[in-house]
Amino acid sequence: MDNNINKMPVVLIGNSFKYETESILKMFYPVKKFQFSENPENAKGNNYVVAGVENNRIFTQICIDGKKYQSEKNIQPIDEKYTEHELCRLIYHILKDVTGISTPWGMMTGIRPVKKVTELMERGAEFSEIREILTEKYELSPEKLKLAYDTAVNQMPILENINHKAVSLYISIPFCPSRCSYCSFVSHSIESAGKLIPDYVRCLCRELEIIGYMIKENNTPVDTVYFGGGTPAAIPAQDIRTIMECVQKNFDLDNIREYSFEAGRPDTITEEKLHIIKSLGADRISINPQTLNNDVLQAIGRRHTAEDTLIAYELARKAGFRNINTDLIAGLPEDTPESFRNTLDRIVDISPESITIHTLTLKRSSNLFAQGLENITNPAQEMVDYSIQKLMTSDYQPYYMYRQKNTVGNLENIGYAKKGYESYYNIYIMDETQTIIGAGGGASTKLVYPDNKKITRIHNYKYPYEYISNFDNLMTKKEELIKCLKKISL
C-alpha cells in the first residue's frame with residue numbers, strides 16, 4: 001500500500017524549510033499528513049502547498065478544495081531563519097483567511113513560548129518592548145503575550161538561583177493500569193506487561209546505581225528528583241519501595257530542593273504506597289484525575305471515578321503531603337464547558353498547592369488521533385479561558401508553560417501554583433538550563449554544558465522489553481554523561 005495516499009503534497013522550491021512549514025500547516029490542519037518534495041509536478045490535485053524562495057523573492061501557492069490562493073513578497077534576506085519565517089508568514093496569512101481559524105499564539109510554533117520572553121527579560125527588556133518585539137514577529141494575541149509574560153515573571157526568581165553545577169534526576173515508570181484514549185506516552189498496561197515489572201525494576205535499579213556512582217565520582221550535587229511515567233503508582237508497593245530505596249542509597253538527597261512522585265491515576269493510589277513514597281523522601285506528589293466528570297472518564301478509558309480522586313487526595317493529606325499537584329485536561333471527549341467549570345471549581349475547593357491545565361492534544365499514536373476530525377472542534381478554548389480567570393483569582397499563578405503540536409485550538413499547557421509551591425523540576429525541564437539525567441525505559445537525558453553553549457540528548461530504549469533486553473548496550477551511552485559531569489564540576 002502507498003503510504004503517501006491521502007497526504008497533502010507540499011513542494012519546497014529553492015529551500016529546505018520542512019520543519020517550520022509543517023509546523024505552520026499543523027496549526028490549521030492538526031490531523032492532516034503531508035508529503036514533502038522538491039518536484040513542482042507534485043503540486044497537483046485539489047489540495048497542495050507550494051513554498052518557494054528565488055533570490056530575494058519568496059512566494060507561495062496554496063490549493064484548498066480545488067481553489068487556488070497565492071502570495072509573494074520581495075525581501076532583503078538577513079539569514080536563513082528570517083527567510084524561513086517570512087515565507088511561513090505568507091502561508092500563515094492565506095490559511096488564516098481561508099479557514100477562518102484564529103490562532104491565539106499567532107505564528108509562534110515552538111514548545112517554549114516563555115523562554116522567548118525570559119531571553120528578552122535577561123537582556124533588560126521591559127514589558128512594552130517585549131510586547132512590541134514578539135507581537136511584530138509572531139502576531140500573537142495580547143492575552144497570550146500577557147500570560148507568557150506573567151509566567152516568566154513568576155519563574156525568574158527560581159531561574160536566577162539555579163545551581164548550574166547540579167543535576168536533576170528523572171526516573172521513568174512506563175506502566176499504566178490501562179491506556180487512555182488520548183495518550184501516546186511510551187507506557188504499557190499492567191495487564192499486558194505486568195510480567196515485565198520484576199526485570200524492569202532490576203534493570204532500573206542497576207542503571208540508578210551506575211548513574212549514582214558517576215555523580216559521586218564527579219562530586220555533582222542532585223537538585224531535584226522526579227518520578228514520572230506512565231503511572232508510577234501503578235506498580236506494586238514493594239517495587240516502589242525497592243526503587244526509592246535504591247535512589248536513597250545511591251544519591252545524596254540531603255540538600256535536594258524538591259522530590260516529586262507523579263502518582264498519577266487515583267485508582268492506583270493506596271495508603272501503603274503513600275506511606276512508602278513519603279517515608280522514602282518524596283515531598284511533592286501529583287494526583288491526576290484529568291476530569292471529575294464520570295461520563296468523560298469512561299469515554300477516555302479511565303477506570304476510576306471522581307470520588308476515587310477525592311479519596312486519594314484525602315489519603316495523601318493524611319499521609320503528610322503538604323505539596324500536592326492535580327492535573328486536568330481541557331477539551332476531552334464528551335466534556336462540556338459547564339462540566340469543565342464544575343471540575344475545576346471542585347478542585348480549587350480542595351485547595352491543592354498546584355494545578356496543571358493541559359489542553360487535549362491529538363497525538364499520532366493515540367486512539368483519538370484516528371478520530372481526529374471529530375475532536376478538532378471542541379470547546380477547549382472556552383475551558384482554558386475559564387481556567388485562567390478562575391485560577392488567577394484563587395491565589396494560583398502561572399509558573400511554567402509548554403505547547404505541543406496538534407493541540408486542539410493551538411492552545412497551551414500551563415502549570416499554576418500557590419506562591420512558594422512552584423515545581424523546580426518543571427521549570428528546569430522547560431527552560432533547559434540544568435542537566436537532567438533520565439533513568440528507565442523511554443527516559444531521555446538532557447546534558448546542558450556550561451554556559452548553555454551545547455545541549456546533548458541521550459535517549460534510552462523506549463519500551464520496557466527493549467530496555468530490559470538491550471540494557472548492556474544502553475550503558476555504553478553513558479560516556480557522554482561522564483564528559484558532561486566533568487565539565488560541570490570544573
Side-chain angles (χ1 to χ4, degrees), residues 6-11 17 20-35 43-51 58-73 84-111 113 134-148 330-337 340 359-364 368-389 403-413:
N6 297 325
K7 290 185 178 181
M8 178 186 285
V10 180
V11 179
F17 302 151
E20 197 67 20
T21 301
E22 185 174 24
S23 295
I24 291 291
L25 293 172
K26 281 289 184 184
M27 290 183 176
F28 302 94
Y29 302 103
V31 298
K32 178 73 74 176
K33 296 180 181 179
F34 305 97
Q35 177 60 33
K44 58 186 177 181
N46 289 326
N47 295 280
Y48 62 81
V49 175
V50 176
I58 56 175
F59 61 93
T60 185
Q61 183 182 82
I62 301 176
C63 185
I64 303 296
D65 295 332
K67 189 170 182 179
K68 295 180 181 179
Y69 308 86
Q70 57 187 25
S71 182
E72 65 176 68
K73 181 181 179 181
E84 178 182 39
H85 186 80
E86 291 305 304
L87 179 57
C88 286
R89 193 188 298 275
L90 296 182
I91 297 170
Y92 171 80
H93 279 287
I94 288 177
L95 292 179
K96 184 179 178 183
D97 292 341
V98 171
T99 65
I101 294 174
S102 175
T103 57
W105 286 97
M107 292 179 60
M108 192 173 282
T109 58
I111 70 170
L134 296 184
T135 300
E136 179 181 345
K137 183 171 183 178
Y138 297 106
E139 304 184 27
L140 69 170
S141 70
E143 295 78 14
K144 295 306 180 188
L145 174 64
K146 183 64 165 57
L147 185 63
L332 288 171
E334 308 296 328
D335 210 357
T336 66
F340 181 83
T359 306
L360 177 67
T361 299
L362 301 175
K363 299 175 182 177
R364 286 192 180 276
L368 281 184
F369 188 84
Q371 311 159 20
L373 294 175
E374 301 171 18
N375 294 292
I376 291 175
T377 304
N378 74 34
Q381 175 76 65
E382 188 175 344
M383 299 175 184
V384 169
D385 288 346
Y386 178 75
S387 71
I388 296 171
Q389 176 270 322
R403 299 180 63 220
Q404 294 171 285
K405 288 183 180 180
N406 302 345
T407 296
V408 171
N410 296 302
L411 295 166
E412 68 281 344
N413 308 297

Is the shortest side-chain heavy-atom distance between [X] and [Y] below 4.5 Å?
X: Thr103; Y: Phe28; result: yes
X: Tyr138; Y: His85; result: yes
X: Pro104; Y: Gln381; result: yes
X: Glu412; Y: Trp105; result: yes
X: Thr361; Y: Val408; result: no
X: Asn406; Y: Val31; result: no
X: Thr109; Y: Arg403; result: no
X: Ile101; Y: Leu95; result: no

So does [Y] get a backbone contact from the side chain of [X], meaning a donor-acceptor N/O pair under 3.5 Å?
X: Asn47; Y: Met8; value: no
X: Thr407; Y: Asn410; value: no
X: Ser71; Y: Leu90; value: no

Indicate the atoms forming the closest heavy-atom contact of [X] with [Y], along with that distance.
X: Leu87; Y: Ile58; value: N-CD1, 3.7 Å
X: Gly331; Y: Met383; value: N-SD, 3.2 Å
X: Leu360; Y: Pro333; value: CD2-CD, 4.5 Å
X: Lys68; Y: Cys63; value: CG-SG, 4.1 Å

After noting the C-alpha distance and the side-chain angles of Phe340 and Ser387, does the key distance pass the side-chain contact (heavy atoms from CB on, under 4.5 Å) rule?
CA-CA 9 Å; Phe340 181 83; Ser387 71; 4.2 Å; yes
Quick check for you: to the nearest 0.5 Å, what is the distance between [X] atom [atom1] and [Y] atom [atom2]?
X: Ile91; Y: Lys96; atom1: CD1; atom2: NZ; result: 15.5 Å
X: Lys33; Y: Glu22; atom1: NZ; atom2: CD; result: 11.5 Å
X: Leu147; Y: Ile388; atom1: CG; atom2: CD1; result: 5.0 Å
X: Met108; Y: Met27; atom1: CE; atom2: CE; result: 9.0 Å
X: Thr60; Y: Arg89; atom1: OG1; atom2: CZ; result: 14.0 Å
X: Lys67; Y: Ile62; atom1: NZ; atom2: CD1; result: 13.5 Å

Show your reasoning for whether side-chain hydrogen bond (donor to acceptor under 3.5 Å, both in side chains) applies to Gln389 and Asp385.
CA-CA 7 Å; Gln389 176 270 322; Asp385 288 346; over 6 Å; no
Would you sort out whether Tyr48 and Val10 count as a side-chain contact (heavy atoms from CB on, under 4.5 Å), showing the intermediate values?
CA-CA 6 Å; Tyr48 62 81; Val10 180; over 6 Å; no
Evaluate the criterion side-chain contact (heavy atoms from CB on, under 4.5 Å) for residue pair Lys26 and Phe34; output intermediate values, then yes/no.
CA-CA 10 Å; Lys26 281 289 184 184; Phe34 305 97; 3.9 Å; yes
side-chain hydrogen bond (donor to acceptor under 3.5 Å, both in side chains) evaluation trace for Glu139 with Tyr92:
CA-CA 11 Å; Glu139 304 184 27; Tyr92 171 80; 4.8 Å; no
Other residues, nucleotides, ligands: >12 heavy atoms within 6.0 Å of Glu136 CD:
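Not more than 12 within 6.0 Å, no.
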Under the side chain to side chain donor-acceptor pair (under 3.5 Å) test, residues paired with Lys146 that sit two or more places apart:
Asp150
